[in-house]
Amino acid sequence: MPENIIIPISPDSLLEEVLKMKNSECRLVQICSVRLEEGYELSYSFGKDYDLYNLRFTIGDDEEIPSITNIYPTAFLYENEIHDLFGVQIKMISVDYQGTLYRTDKKTPFK
Amino acid sequence: MKLLTFAKTELHNLFSKPATRLYPQEPRVYPERTRGHVENDMDVCVFCGLCSKKCPTGAIIVDRAAKTWSIKRFSCIQCGYCVASCPKKCISMRPDYTQPAGEKSTETFTQAPKDDQSAS
Amino acid sequence: MNFLENPSFSYIMLCAFRMKMRGNKFKGETVVIMEMIATLMVFPFLAALLIACAKPGKLRDGLIFCSSIVIVATVLLLCINVLQGGKTQSYLMETQMLDRIFLIAELGLMGLVFYYGIRYKRYYILLLSAAGTLPVVWMEFAGRGAQGGDHIVVDYLTLIMCLVVGVVGSLICVYAIGYIKDYHKHHTEYKDRSSFFLSMLFVFMGAMFGLIFSSNLTWIYFFWEVTTFCSFLLIGYTQTEEAINNSFRALWMNLLGGLGFACAILYSSMALHIANLQDLVAAAANNKAVIIPVTLLAFAAMTKSAQMPFSRWLLGAMVAPTPTSALLHSATMVKAGVYLLIRLSPALYGNLAGVMVTSIGGFTFFAASLLAISQSDGKKVLAYSTISNLGLIAACAGVGLHQAVWAAILLLVFHAVSKSLLFVSVGAVENITGSRNIEDMHGLIVRLPKLAFVMIVGICGMFLAPFGMLISKWAALKAFVDSKSVWLVLFLIFGSASTLFYWGKWLGKLVAVIHRSAQLKDTVRKSEKGSIYTLTFLVIALCISFPVFSNIFVEPFLSQTFHDTIGAIISSSDLNVMLLMLCMIVILPVTVRLLTFGKANKRVISYMAGVNEGDDRTFVDSFGHEKSMYLANWYMDDYFGEKKLLKPSLVLASAIMTILMIIVIGGAI
Amino acid sequence: MSKRSIVPFGPHHPVLPEPIHLDLVLEDEKVVEAVPSIGFIHRGLEKLVEKKDFNEYVYVAERICGICSFMHGMGYCEAVEHVMGVEIPPRAKYLRTIWCEMSRLHSHLMWLGLLADAFGFESLFMQSWRMREKILDMFEASTGGRVIFSVNKIGGEMKDMDGDMLKGFLKILNEIEKELRELSKTFLDNKAVNSRLQGVGFLTKQQAHDLGTVGPFMRASGIDRDTRNMGYAAYSDIDFETITSNAGDSYARTEVRIKELFQSIDIIRQAVEKIPSGEIAVPVKGFPDGEYFMRVEQPRGEAVYYVKGNGTKFLDRVRVRTPTFANLPGMLETLKGSQLADVPILILTIDPCISCTER
Amino acid sequence: MNISKSPWLLHYDGSSCNGCDIEVLACTTPVYDVERFGVINTGNPKHADIFLITGGINSQNREVVKQLYSQMPDPKVVVAVGICACDGGIFKDCYNILGGVDKVIPVDIYVPGCAAKPESIIDGVVKAVGLLDKKRAEMKANASVSHKED
Amino acid sequence: MMFLKIALYLILAPLIGGLLSGIDRKISARFQGRQGPPLLQPFYDLFKLFEKQALVVNGVQDFFVGGYFVFILFTGCLFFVGGDLLLVCFALTLAEVFLMMAACSANSPYSAMGSQRELLQMMAYEPMLLLTAIGFYIATGSFMVDDIAKSSVSPIAYLPGMFFGFLYILTIKFRKSPFDISTSHHAHQEMVKGITTELSGNILALVELAVWYEDVLLLGIVGLFIVNMQWWSFLIAAVVCLFAYILETFVDNLFPRVKWNSMLKSTWLVTLIAGGVNLLILTLVH
Ligand code: NFV
Ligand code: SF4
Ligand code: SF4
Ligand code: SF4
């Protein structure tokens, strides 16, 4: 079975790396956030055929990351979800629900 | 005709017996594996409380002191985890269902005192 | 002040009439009638003169009001007098001098057209105008024209037209008093030339009276051209780019029709030696060549009544203030066209000229009602509806059968009343809400209940049983079936179905019950109100009393024209049924309230998929915010849009018209 | 004012099997704009890993959705098994394969019915669901549940299917196949049905790729990818070909799904033939430590199960990316410019499952 | 005439996992065919007598459920189908689950099961139907009382 | 006599209409392989609705629905006492407009969309309805139902095309698939319940009842194609009506719901071809 390939990157190079994925004809599979003691671990998964590439980086609690909706417009659902549930700050999501994608009583329950 | 492809099925249905199961007039016979409700053989239970601890919805309450085993039927999701984890294998899954009701009731079973049994 | 020339001419005419009449030995009663006719033909021009000179203010308003009353009173008196006499009257056999005066006026009119043509650099206008006027003038002066024949004829059709023009026209003038004030309040960008505007309305009426009383073709031609020119001035009132363009479009189309009219005069005078409309129609039975002027006149009539290839001028006329549209659409102008067709209709029976008129009319009815579906501008819908209804009238006239003409006349009357009501109410709404878009009339029943009610009456009058238009449509349908015109029947049924759609959706918009807070202040002025309610009353009264109307006016005219009498077009049992329906509609609200039914009803908010916010106006949108719900009607632009349908319809209609005209005229020659 | 209506569509709406909301901007009935909103079914079950241990969580995982319940349980189990390095017995693999395909059968049949309902063909809906009941009966006989099965556990399966049972199933499948042939004629050949499907909701291959679509929705646009080819469960032993179509419209999606129905029947037949005897589960010791992205082909397409353990009995994170979540942008794309009457069809051609999406 | 002869349903999927949801739908299909009892799945609160809810209540659908309930004419009966609708089920510990349907509207009948079987749903509906008649009788009695007071 | 006829219609029509609706539901169920509701189910439904509280969104809804109801009844009476067929068509239109206005007045999205669709349906079937009346007129020389029913030959002999066309639009009028676009007997409509979305309780009951009256009226027109002077022709007509009704049920279960544009196009085309050609031939021959 094809393996999970995890590519550690730095948060600053996110857009650059995503662009590389785009250029090599990858599709966006998912974006996932894991709550750490302090900050978050983010994985951006891209698929090509049956291979899965995961861009992996961690950010601090108040760090902001850029949205990749300019490159992958379909990322807006993932990004909004991460923002709503984890409280990860994401800049300039195109179609930003601003916390109303999931209208939970308890804001950012995973935080 | 390409417009009437369904006519055959339609007419066939009309002239054959409907597929309807006439429940509740005719009671349904469930296959044996059907997970309907759990039952505890109270005589065997040792009130270890494992089932209660494992139950994902907290439907089982075990009172060791009073020797009671209660189940909230309207919380049980028939997952069978209690059945699988009971060390005495006294819980079993039965095919028939808890009846709908106007209130969410709890069923409590008490273990008959053992000596009583031997006495009679 | 070029337009003043018309009134001054008319004053001369009035004197001439008086002189003439003294010369003739009429019985007293006829003299009275003649006086009244003269009044109707001349008084509006005089009134116009005074109004034009007056300053905006109470005085002017009073003047208009009184003039309108005078006109209505005269019309009513005339009707009573003529009806007592009970027969067709004709006057003025020899009027050399008057004829001359008309010709000079004609030239004056041409001069005016030239002036505007040059001023706005539309030189083709000069050509069209000259081509129509000069030959006729030349013919008359050269003495080549036919002589004799009546110049003025009063029969039942004249009376009907008089009533329409006089009553509806005056009501619109009264309405205009208040309207134009608000209009300029809202549109400060336009120069206030309201005196000019109001006076033109009277000129228009005068011209219409002239047209319907005249029997001499040259006279009719003159008044015909006056209406053309008047409408040109009215359409261009605001002097915006668009208004000027549209006014010139109206001008050239109608001048083209006028050209046809002129040709008809030339031919019938010079070749047939007939100078009079009635004689021309009468001659049709035994003279094949008559079909040529008849066709040409029909052509002229169809341009004037905005039939299909020429429909665009009427739509363009929408740029003018509402009273103009109301007047052009209901009482005057376009009605002149169909009036002429009705006059011609015996000569159209069973020949190709008739086929031309019916096919163009039928097609116009159908195409215009389809086009109306895609319009959201209230006035545009009304315009298309006018075009379509005129098409129906034309088709009826073209069939040339007793029943069909009955239908045509009733259509004409009902249309005039209902349509003017609709126009004035749309205008009033526009002055209050600032929009005449039907979408903006959403919930009018709550916002402006009175106007909405009036509008509902008008709309029902246009398409629903048991109200006016439907009755005539019904008769038209029967007539088409009886005349075996399969195409017309098909046009009619499909056209009516589309009519149903666009009126229905308008009706739906009006009756939407929206939140109370949307209520607006009803700022309709007194004069407007008076006119609106009178028209509403007229619509309802006509619905109830049309059998009487038909009895007194229409049937006598038909038996005169067709020299036979046939039974009631709509049987009395049907009439009773319809009366019953009317009564039911009236008592319905009462009964529904009286019945216990509905007492236990509970008010709830409307269903909005479970995300309604508090009341019926808003819902929770995808971002969790409040969003106001908005409902629009259907327009089906992809199917019935102007982009889709207009061009092909125009091309098709032009083709039909050209081909048939060539065949008819070529065949006759 | 404009000729546009702005109306809410959903969350409660009879054509929607599940709540989702769209702000629809309509011109006549043409959809000019559709803004989606989800979250009406959001429960937050991913966070339950903090309260339920990794064994117990199987019962939560399979309740992510009552349609694709089996594969949710299985996908989660396989992910944990990967993390823990557990190799399950071959018979269990085959059992999983059979149940997977039965899930696909019932899900696709259900979808066919709902689609028929969306274009207003009630009797076709009834017919499809009537056939589906047979599959449910098979499920009930083999697992004890009709929609929630509770047979997966980490390390294998909890229930077995004996030879007689499997043979009986094959017989039923033969019947179903016959009925399905008849049914597919109406879906694929009927002119009136075609007019509701063909050209509706068109999506090009490029769009399908860019929008990250998965499953039959994607395959109908001509992309050849089926996660089963990765060979989880027993798929590496089974012979099947990925089904695609190039048309890219709702018709193509119907066609692909109908063909997949036949394919599933075929796979079950192969599996029944090859199924080895032996144990159905292995005992599992210890706690998961590590992470894994498991992908399985759900009826609606590729689902991703991300599991991260920390060596205790409570996992750090379970994350499920369901196919509908990935397909939503594609659906929104097809909605633009469609007719209101097509909206139910368009919503359905991706075969949405909102409870999967929102978890 | 008994109302019970014509119970019309409104079905809303709270936050169910779809399990109970499709079982409710399955009840209308040939094998179970609840139309035998005159049941119609109306899809419109204003036509419905019985409100069938599957799944629990979460923060986002709370208002929706309340609103749909308020838009149903009296007499009406609420049936909570499935353990989720009864008390939140396996999700009751989730941060976004408030609990069963009874957290926001009064529930008349609880249908247990995860997923509730079509048979129990039918039983539940039959029970609900009985309640409908009772409620209507009460409504009538109340109405006549208030009439007399007028 | 006239009053007797009216009374008979007013009493019998709902019974027949309800029964037919019961048959429809039963047979539909059987077409779908289901057991189906009891035959009298429509009556149970109606009585229940009358018993229920009505929810309204404003005060004029019941007025419009009242208008719809009254005019449907009126139209039916007009037909069965032998009135003018054209007037019957017009009165029917008036009634429908009332219903449409009831839906519009609610000012709610689904009911408003339903009303637009309803109007569209009217636009679709209206030509054929009028054409049918015209066909009768040409075939028998009268618009009066009384006279038509007394013709020596059954009108259908002259009007086969019209008969077909009428059956075609009957699908719209009966709100059967494929043309049940403005509101439907089936659940799962993109329109929710379309024009009846905001009606409930006894107001909805009135609409249901009116539909039964209307169904009988429409079947009356179907029968009118068949009847002639002979008494037995009425029996045949009754059989044909029943058959037509069941045919509509069959069709209902045979087709998907089409989109409005297909409905409009196909209906107008059928009107033009079946009706128009029939009309053309009739006028040429007569
Ligand atoms: N979306 C989705 Fe599922 C599937 N297939 C799963 O992962 O249905 Ni509820
Ligand atoms: S696990 Fe078994 S023995 Fe222990 S309390 Fe439960 S039922 Fe009794
Ligand atoms: S079956 Fe599951 S839910 Fe029910 S009592 Fe046992 S463990 Fe609890
Ligand atoms: S009770 Fe069970 S099957 Fe029903 S919705 Fe809840 S989790 Fe799903």
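Convention: sequence-line order gives letters A, B, ...; per-chain numbering from 1.
Under the 3.5 Å distance criterion, the side-chain polar atoms of Arg64(B) are matched with a main-chain donor or acceptor of Phe47(B). Counting only distance, with no hydrogens or angles, the side chain of Lys104(B) and the backbone of Cys86(E) share a donor-acceptor pair below 3.5 Å. A distance-only check finds a donor-acceptor pair linking the side chain of Thr20(B) to the backbone of Pro30(E) [under 3.5 Å]. Although no hydrogens or angles enter the test, the distance criterion places a donor-acceptor pair under 3.5 Å between the side chain of Arg73(B) and the main chain of Val38(B). Without hydrogens or angle criteria, His37(B) side chain to Gln78(B) main chain gives no donor-acceptor distance under 3.5 Å. Between the side chain of Arg35(B) and the backbone N or O of Ile77(B), no donor-acceptor pair lies under 3.5 Å. Judged by distance alone, the side chain of Lys103(E) and the main-chain N or O of Gly99(E) form no donor-acceptor pair under 3.5 Å. The backbone N or O of Leu9(E) sits less than 3.5 Å from a side-chain atom of Thr42(E), completing a donor-acceptor pair.
Counted within 6.0 Å of NZ on Lys134(E), heavy atoms from surrounding residues, nucleotides or ligands total 12 or fewer; the atom is thus considered open. Heavy-atom contacts from other residues, nucleotides or ligands closer than 6.0 Å to CD of Gln25(B) number more than 12. In this structure, Lys135(E) places its NZ atom where more than 12 heavy-atom neighbours from other residues, nucleotides or ligands lie under 6.0 Å away.
For residues 48-58 of chain B, the interface with chain E (any heavy-atom pair closer than 4.5 Å) comprises Pro56(B), Thr57(B), sorted by residue number. For a heavy-atom cut-off of 4.5 Å, chain B lies close to no residue in residues 51-64 of chain E. Contacts between residues 112-128 of chain E and chain B, counted as heavy-atom pairs separated by less than 4.5 Å, involve Pro112(E), Gly113(E), Cys114(E), Ala115(E), Lys117(E), Glu119(E), Ser120(E), Ile122(E), Asp123(E), Gly124(E), Lys127(E).
With a 4.5 angstrom heavy-atom cutoff, Phe74(B) touches chain E via backbone and side-chain atoms both. Neither the backbone nor the side chain of Cys79(B) comes within contact range of chain E; no heavy atom of the residue lies under 4.5 Å from a heavy atom of that chain. Interface residue Gln99(B): backbone and side-chain heavy atoms are both found under 4.5 Å from chain E.
The stretch residues 67-122 of chain E participates, sequence neighbours left out, in these ring-ring contact (aromatic ring centres under 6.0 Å, His included) pairs: Phe110(A)-Tyr95(E), His42(D)-Tyr95(E).
Classification of Asp87(E) and Lys72(B) as a salt-bridged pair fails, no side-chain N sitting under 4.0 Å from a carboxylate O.
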I would like to know whether Asn13(B) and Thr9(B) meet side-chain contact (heavy atoms from CB on, under 4.5 Å); could you show each step before the answer? CA-CA 6 Å; Asn13(B) 282 343; Thr9(B) 317; 4.1 Å; yes
